[in-house]
Amino acid sequence: MTITVEKSADTRKEQDAVPRRLTGSRIVCEALIEEGVREMWGYPGGAIMPFYDALKEYPELHHVLVRHEQAAAHAADGFARATGRVGVCVATSGPGATNLVTGLATAYMDSVPVVAITGQVARPGIGRDSFQETDIVGVTMPITKHNFLVSSAAELGPIVHEAFRIARSGRPGPVLVDVPKDVQNELAEYTPPAERAPSSPRAERPTRDTYERAARLISSAHRPLIIAGHGVIISGAYDELRAFAEHTGIPVITTLLGISCFPESHPLSLGMPGMHGPAHVNRAIDQADLIVGVGMRFDDRVTGDLRYWAPNARIVHMDIDPAEIGKNVPTAVGIVADAKEGLARLTAACEPGDHDEWLRGIRAGMRPEREVPTGDRFSPAEVLAAIKRTTDGRAKLVTDVGQHQMWAARFYGYDRPNSHISSGGLGTMGYALPAAMGVKAGCPGDPVWVVAGDGGIQMNIQELGTIAQEGYDIKVAILNNGYLGMVRQWQEFFHNRNYAETRISSPDYSLLCRAFGLEGRKVEHRADVEAAVEWAMSRKGAVVLDFTIEQEANVYPMVPAGGTVAGMIEEPEAER
Amino acid sequence: MSGAGRTLVVLLEDHPGALTRVTSLFRRRNFNIDSLAVGHSERPGISRMSVVVAGDASEVDQVVKQLHKLIEVVEVRDVSDGAPLLREMALIRVRADSTKRGEVTELAKLFGARVVDISHNTLTLEITGAEHKVESLVKLLSKFGIEEMVRSGRIAMARDSAGASVGMDEALSA
Ligand SMILES: Cc1ncc(C[n+]2csc(CCOP(=O)(O)OP(=O)(O)O)c2C)c(N)n1
């Protein structure tokens, strides 16, 4: 924050004198500043114009003009995931607001704190099918943690602060605040909240007895496993998880969104479970007699057919959301707690243990991850390895949805906390490029790499414009197989290779980059992989690398949707 | 006499949209809801809802927990145990010309129902009581032909004396 900015804020305050009557728009701006917001992503339009008018009086609020409102929501989401702070996006009524929907649904499924501010038609116009009127509160009810239609400027300040509190408290999630245009112009008093209302947890905190019952199950287990999820990252419970695992000697599995909550180079780390988890992880789950789930929700992509999943295991489930306990699997002990506090208390309740034999048994079943193909062709794993080497593992990887997402989950080897960001619950193609803008804004010191398919990158490719205008230093690796690869794989396995509508062409990405004033390169030979990544890192702004990979490579192994470990499809020897 | 299904009492802020949030939750989570009745509570600004959930124990548990997550929901109580006071009200318009009028009024009397409207061809009855009582009257009236009916759905209140006065209301209300 520069001194001039501070000064201008002061003069503003003096001019207004106490009590300060402000327009609704200025109230929103002041409340955002009060909440510590410095960046937001959005797009103006008729019903939100008073807000944009006021925004110019607040130079400390940096607004990034996206090219499509979906990208604004994803960017706010990426910012929130990378920093743990609330991300903010702004849109006008009607089409602007509806364009946010996919981004809000993405944030909702993955418990990401986002506040969306939308303009609405003026109060007298509501309910009359006015120009660009959409009942966005109704539309987003099932995909937000909460939402508000503001009915007067007087309640605007309290509502904005409440929106932030709801978004970040307990199990985080997106909150939408819909502000009619005349409310933005209406005058009201605004006083910042004296102190932050503490978020009131509704569930009772678990008792000592709960932890002791869990500890007894843990100490009597012979084949225990930890499955750690996004909750560990949201809570920042990295050290606590590690202490718990090391203290009890229990091996750690990380869900897709749990990746990077536990160092993968750690001897207790096993990898990812579920549909595309390596076979040894799913076999271990099959044999386990106890599973300690932490900040995860036994999603169907993790479990497959619930009736046959972890048939021998009792479940200890720790989650901050009471509704997750017992939702999908019957639980022996449920612990409603934030992972940081819960794990610390659980560790204290547990005897030290070791499960070396069990761990050795699991590790004996590990197959080396995909062998490097010989000759000129390179594998996705090699691209990922080059990124890791070139960035010394300091990068944040933002992945899109599809085969490349699974390869990036499996082959990178995440050791840095919160270095993997992806849309898990909704599986939103087109997520990575816009989300990376938020990640970069939140962590300007970290290299940010997008890993995307040739399908998903084209879904929000327009954001190269935003990236160019903002000067975001984002590197993009497209794993280009000429197909909507993941769907093609399903067609290969389950639809007789009927490749219906999965062949996809690409533009010349280098040329496209040039059009946007960015740089790009196509990489076709193994010898060029490392050099291309190094070149990308050496350039100042955004760079797009278009890696030509094998067209019909598959992600192995695969437990078909709703299937079991017994039905796991493993890699045929010929392809290895 | 607790009726079928579990009975939840839900207190929620009386905002526009709060009810929509509840019903939207039921639909989206595919919960099995038998009936739902809403009205004012004794607290200004707080509505009170009685919800009958048909599912098994784990489903009811989910309904309670998911309701708790709604910001505007203030309190959720499962009052099914402890013999709660459960009532339903119905208005039933039954076909009854002068030849049937006597029989219908007789039935109404037995059930403690009141005649609230009368025409050449119909009688309209008002009944309040436990659902099974309403149910029985409806069944008995159906042979005359029911022209129109409205039922409030179950409303519920836990007993103050939790068990001590069980049966009192049954005695009073026949
Ligand atoms: C918005 C959206 N539309 C459709 C899908 C379904 N889908 C999942 S993966 C996939 C293919 C992705 O192809 P590509 O981006 O080329 O990545 P690849 O699988 O080839 O690595 C599709 C279409 C989706 N997840 N999201």
Side-chain angles (χ1 to χ4, degrees), chain A residues 105 108-109 111 123 126-127 135-152 155 158-159 162-167 169-178 197 199-204 297-298 306 317 319-331 334 336, chain B residues 5-33 36 38 41 43-49 51 53-81 158:
Chain A
Y108 183 68
M109 284 296 268
S111 312
R123 282 167 295 182
I126 291 180
D135 170 19
I136 199 63
V137 164
V139 169
T140 58
M141 209 172 264
I143 53 164
T144 51
K145 189 173 170 187
H146 195 60
N147 56 22
F148 299 89
L149 172 62
V150 183
S151 58
S152 72
E155 59 184 40
I159 283 180
E162 177 71 356
F164 274 79
R165 191 190 65 76
I166 292 170
S169 65
R171 178 180 183 168
V175 179
L176 179 137
V177 182
D178 198 24
S199 46
S200 50
R202 290 202 175 187
E204 281 171 34
R297 57 189 172 88
F298 299 96
L306 273 172
H317 189 187
D319 200 280
I320 197 160
D321 179 357
E324 285 303 335
I325 313 285
K327 186 183 81 177
N328 291 339
V329 294
T331 310
V336 178
Chain B
R6 305 291 291 185
T7 308
L8 307 181
V9 168
V10 184
L11 299 182
L12 71 163
E13 289 172 29
D14 186 11
H15 289 164
L19 180 61
T20 320
R21 262 179 234 285
V22 172
T23 52
S24 148
L25 169 75
F26 290 163
R27 182 192 51 74
R28 156 168 113 248
R29 297 254 172 209
N30 221 356
F31 288 145
N32 233 327
I33 302 302
L36 190 158
V38 215
S41 72
R43 286 159 64 182
I46 299 288
S47 313
R48 177 168 173 139
M49 199 180 322
V51 184
V53 188
D56 58 19
S58 74
E59 181 166 344
V60 175
D61 182 55
Q62 266 299 300
V63 175
V64 172
K65 287 170 164 175
Q66 294 292 348
L67 278 170
H68 262 302
K69 286 170 66 168
L70 298 180
I71 306 294
E72 284 144 331
V73 166
V74 179
E75 192 184 328
V76 185
R77 255 181 298 152
D78 183 343
V79 297
S80 317
D81 302 324

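A, B, ... follow the sequence lines: proteins, then strands. Residue 1 opens every chain.
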**Item:** Closest approach of B:Gly17 to A:Met141 (non-hydrogen atoms, all atoms of both residues)
**Value:**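 Nearest pair, atom of B:Gly17 first, then A:Met141: O-CE, 4.2 Å.
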**Request:** Looking only at non-hydrogen atoms, find the nearest pair between B:Lys65 and A:Ile325 and report the distance.
**Result:**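 Residues B:Lys65 and A:Ile325, closest heavy atoms: NZ-O, 2.9 Å.
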**Message:** Quick check on A:Asn147 against chain B: is it the side chain, the backbone, both or neither that has a heavy atom closer than 4.5 Å?
**Reply:** both
**Beyond-backbone contact of B:Lys69 with A:Arg171, side-chain heavy atoms, under 4.5 angstrom** =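 Side chain of B:Lys69 against side chain of A:Arg171, heavy atoms only: contact under 4.5 Å found.
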**Prompt:** Which bit of B:Thr20 is near chain A, if near means a heavy-atom gap under 4.5 Å: side chain, backbone, both or neither?
**Reply:** both
**Prompt:** Relative to chain A, which of B:Gln62, B:Arg28, B:Arg21 shows the most heavy atom pairs under 4.5 Å?
**Reply:**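 Highest number of pairs under 4.5 Å: B:Arg21.
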**Interatomic spacing from NZ in A:Lys327 to CG in B:Asp61 - rounded to 0.5 Å** = 12.5 Å
